[in-house]
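Letters go in sequence order (proteins before strands), and every chain restarts at 1.
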There are 2 protein chains.
Amino acid sequence: MGETGALIPFGTVRASVRTSARAGQAANGRGERAARPAAEPLWREVLGDQLRALRRERGETLIETSGRAGISPQYLSEVERGIKEPSSEMIAAMAGALDVSLVELTLGVAETLRAVRPAAGTARASVSASASAAGRYGAFALAA
Amino acid sequence: MGETGALIPFGTVRASVRTSARAGQAANGRGERAARPAAEPLWREVLGDQLRALRRERGETLIETSGRAGISPQYLSEVERGIKEPSSEMIAAMAGALDVSLVELTLGVAETLRAVRPAAGTARASVSASASAAGRYGAFALAA
DNA sequence: CGTTTTGTCTGCTCGCAGCGGAATTCCGCG
DNA sequence: CGCGGAATTCCGCTGCGAGCAGACAAAACG
């Protein structure tokens, strides 16, 4: 496969996962964590989209991919939807099941993040892809 | 700061975190999870090294950086050493405290992973850096 | 040398990872 | 169109790890 880093069409706004109530109490002296940039998605959201895109590129079902990764299809579904935060071992297993290296997977995540918020001086992502990606995570931020 | 993706000198072999005994039972019909490539490090290890490198580049202590991130210094130490798997919110907070975007952080992780296992066709990392990185994660793989 | 600062170790709690059964949605077929 | 099977999502559960704070060790400083 190896076609990583492709920009990913996105789905719905996510249920949130752990956001520890105790974390972030001291961040900037106002009881707030250091603010993450507006509209910047969370790692697990982008990772999940990347994994689903890779699986669908292979034309596979949750059951097929999860079987090779040694995890339950229900859990893979939740990871792909950004609902659960997988461990590094799980990430490695899923990458292996999809025949991509961790490098390729991580680069794919970075490319998707860049599409949402292009860094100065980097090659511009296509307009429609940027708009699509920005719309998805932008909506998330606004909903939050 | 923004100087991400620099190759990172590494430390000791890690205590491991959760590796669910139930995960991976069905991976390849032999009760094994799909094998991750030999000597490929785990995401949390490389992330931790990246965070520590960034903090040290700023000339900061655990207490300073963790204070801005809104987390405990003991916890930041464990994350940097690859002992704990932080949530996406924690990762975002730490990135913010270090003045890097998630893109930059992720690219830095990808670069470090590539140094361990250069992909075909990419620019070769320096020999000593590659040897250093490979030695660190290679030892881990052998110990495992 | 003593003191301070920095980083690591350790035990704790509480909330979630990862699971599996059930429910819902999707899809191909007649 | 309805139907059956496949695929995906929902939901509740439990074991265990995230994240913490006190204690300890190591390093730095005067």
Side-chain angles (χ1 to χ4, degrees), chain A residues 11-27 31 33-34 42-45 47-49 51-53 55-56 58-94 97, chain B residues 11-27 33-34 42-45 47-49 51-56 58-94 97:
Chain A
T12 59
V13 170
R14 303 298 179 31
S16 84
V17 293
R18 169 182 269 174
T19 54
S20 172
R22 292 175 286 178
Q25 290 305 309
R33 178 176 296 167
L42 292 168
W43 159 259
R44 68 173 168 269
E45 294 167 342
L47 172 71
D49 291 329
L51 290 170
R52 178 157 283 189
R55 176 175 64 80
R56 285 177 165 166
R58 294 169 66 95
E60 286 189 354
T61 64
L62 285 162
I63 295 169
E64 291 168 325
T65 303
S66 65
R68 288 200 307 285
I71 67 178
S72 81
Q74 303 95 318
Y75 184 56
L76 178 56
S77 173
E78 293 185 308
V79 170
E80 287 184 353
R81 287 181 283 130
I83 292 173
K84 292 296 173 77
E85 194 100 44
S87 67
S88 294
E89 288 80 6
M90 292 290 185
I91 293 172
M94 293 182 283
Chain B
T12 59
V13 169
R14 283 3 180 329
S16 84
V17 294
R18 170 180 268 175
T19 56
S20 172
R22 291 174 286 178
Q25 289 306 308
R33 179 175 296 168
L42 291 169
W43 160 259
R44 69 174 168 268
E45 294 166 342
L47 173 70
D49 291 328
L51 290 170
R52 178 157 284 190
L54 289 165
R55 176 174 65 81
R56 285 177 164 165
R58 294 168 66 95
E60 286 188 354
T61 64
L62 285 163
I63 294 169
E64 289 168 327
T65 303
S66 64
R68 286 200 309 283
I71 67 178
S72 80
Q74 301 94 323
Y75 185 57
L76 178 56
S77 173
E78 293 186 305
V79 170
E80 287 185 354
R81 286 180 284 129
I83 292 173
K84 292 295 175 79
E85 193 99 45
S87 67
S88 294
E89 288 80 7
M90 290 292 185
I91 293 171
M94 292 182 283

Assess the residue pair B:Glu85 and B:Met90 against the criterion (side-chain contact (heavy atoms from CB on, under 4.5 Å)); give the C-alpha distance rounded to whole Å, side-chain angles, the decisive distance to 0.1 Å, and a yes or no. CA-CA 10 Å; B:Glu85 193 99 45; B:Met90 290 292 185; over 6 Å; no
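Judged by atom type and distance alone, A:Gln74 does not reach the base of C:dG18 through any side-chain donor-acceptor pair under 3.5 Å.
For the pair B:Arg55 and B:Glu60, the tightest heavy-atom approach, listed with the atom from each and the gap, is NH1-O, 3.0 Å. Here the closest non-hydrogen pair linking B:Leu62 and B:Glu80 is CD2-OE1, 3.7 Å.
One atom, CG of A:Leu76, and another, C1' of D:dC10, lie 16 Å apart when rounded to the nearest Å. Between the C1' atom of D:dT8 and the NZ atom of A:Lys84 lies a distance of 15 Å, rounded to the nearest Å. Rounded to whole Å, the distance from CD on A:Glu78 to P on C:dG18 is 11 Å. One can place CE of B:Met90 at 17 Å from P of D:dG17, the figure rounded to the nearest angstrom. For the pair B:Ile71 CD1 and D:dA18 C1', the computed distance is 11 Å after rounding to whole Å. B:Glu85 has its CD atom 11 Å from the P atom of D:dG17, to the nearest Å. In this structure, A:Glu89 places its CD atom 13 Å from P of C:dC19, rounding to the nearest Å. As a whole-Å value, the separation of A:Tyr75 OH from D:dT14 P is 19 Å.
Using a 4.0 Å cut-off, no side-chain N or O of A:Arg81 falls inside it from OP1 or OP2 of D:dT8. The phosphate of D:dT8 (OP1 or OP2) has a side-chain N or O of A:Arg55 nearer than 4.0 angstrom. Contact annotation: B:Arg44 side-chain N/O to D:dA18 OP1/OP2 distance is not under 4.0 Å. Of the side-chain N and O atoms in B:Arg52, none sit less than 4.0 angstrom from OP1 or OP2 of C:dG7. Taking 4.0 angstrom as the limit, A:Ser87 places none of its side-chain polar atoms (N or O) nearer than this to OP1 or OP2 of D:dG17.
Using modelled atom types, no side-chain atom of A:Arg56 and backbone atom of A:Arg52 make a donor-acceptor pair closer than 3.5 Å.
At a threshold of 4.0 angstrom between heavy atoms, the contacts of A:Ser77 include nucleobase atoms, whether or not backbone atoms are also involved.
Between B:Leu47 and B:Pro86, the closest side-chain pair of non-hydrogen atoms falls below 4.5 Å.
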